[in-house]
Amino acid sequence: MPLFLPHHGICCQCVKNLPKFYKVCHRCCLPHSLSTDICYRCRAKQPHWDELIAVSDYINPLKKLVHHFKFYSKIELNIALARLMFLAWYQRREAGALIKPDLVTCVPLHHIRYWSRGFNQAELLAKPIARWLNCDFYPHLLSRKQNLRDQKNLSLTERITNVETLFMCRQDLSHKSVMLIDDIVTTGNTINAISQQLKKCGATSVHVVCLCRTVL
């Protein structure tokens, strides 16, 4: 079955038949019509991460699987979902645009939310990916300073303010390339704040891989 890429639910086979002006930005993974690989949004304000890879938009059937995985504790889905993410990354690697990361980490949960849910869904996705890549896995590389409001309930402006100075990394990452795993990326404010922290600690590059890419 062909992978579903973030082209409003169009599979990778159908993408080949799209008009040539239709592209997906390698930075933010959103569609655009410029002749370059980078969209006008990322050209105007470059994000702190280097590339974003997503399996699909937030649509069914993946939407339903992610919902059951995340909110109904169907953690046995992690291997199948992680495999989709790994294959999406591998496709980009085969295109010659990516290098193997030095380490894999994940978007952290605050300890209160972790205790309430019982697991970090991003960590469950990241662990098998690190194993398949045969590289170091640091699930606790990052920490949250405080338990702020859930991003999905906030406006765009509130989301940006909500994640400022939220994440902390104390490890030296000099000369390290990092793969950052998340389940769903919406505005990108969370992964942007994390990527900024990782680069402040010396990371040479940050490549984000997620299951779903969506926008407000």
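No hydrogens, no waters, no symmetry mates; every other heavy atom, side chains included, goes into these values.
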Rounded at 0.5 Å granularity, tell me how far [atom1] in [X] sits from [atom2] in [Y].
| X | Y | atom1 | atom2 | answer |
| --- | --- | --- | --- | --- |
| Leu87 | Ile53 | CG | CD1 | 12.0 Å |
| Thr190 | Leu180 | OG1 | CG | 10.0 Å |
| Met179 | Ser205 | CE | OG | 10.0 Å |
| Leu103 | Leu173 | CG | CG | 6.5 Å |

Does [X] have any side chain to side chain donor-acceptor pair (under 3.5 Å) partners at least two apart in sequence or in another chain, and if so, which?
| X | value |
| --- | --- |
| Tyr90 | Glu94 |
| Ser177 | Asp102 |
| Asp50 | Lys199 |

Donor-acceptor pairs under 3.5 angstrom involving side-chain atoms of residues 131-138: please list them, not counting sequence neighbours.
none

Note: Ala126 and Thr105 closest approach over all heavy atoms is CB-O, 4.2 Å

Residues Leu62 and Cys212: closest non-hydrogen pair is CD2-SG, 3.8 Å

Side chain to side chain contact (heavy atoms under 4.5 Å, CB included) assessment of Ile181 paired with Val104: CA-CA 7 Å; Ile181 301 296; Val104 176; 3.9 Å; yes

Residues pairing under side-chain hydrogen bond (donor to acceptor under 3.5 Å, both in side chains) where one sits in residues 167-176, two or more places apart or in two chains, turn out to be Asp172-Ser174

Tracing side-chain contacts under 4.5 Å among Ile, Leu, Val, Met, Phe, Trp and Tyr outward from Leu109 reaches Tyr114

Cys42 meets the side-chain contact (heavy atoms from CB on, under 4.5 Å) criterion, sequence neighbours left out, with Cys25, Arg27, Cys28, Ile38, Cys39, Pro47

Ring pair (Phe, Tyr, Trp, His ring centres under 6.0 Å) pairs touching residues 42-62, sequence neighbours excluded, are none

If you look only at distance, which donor and acceptor atoms sit under 3.5 Å apart when one is on a side chain in residues 67-81 and the other is two or more places apart or in another chain?
{"unit_1": "Lys70", "atom_1": "NZ", "unit_2": "Asp183", "atom_2": "OD2", "d": "3.1"}
{"unit_1": "Asn78", "atom_1": "ND2", "unit_2": "Leu124", "atom_2": "O", "d": "3.1"}

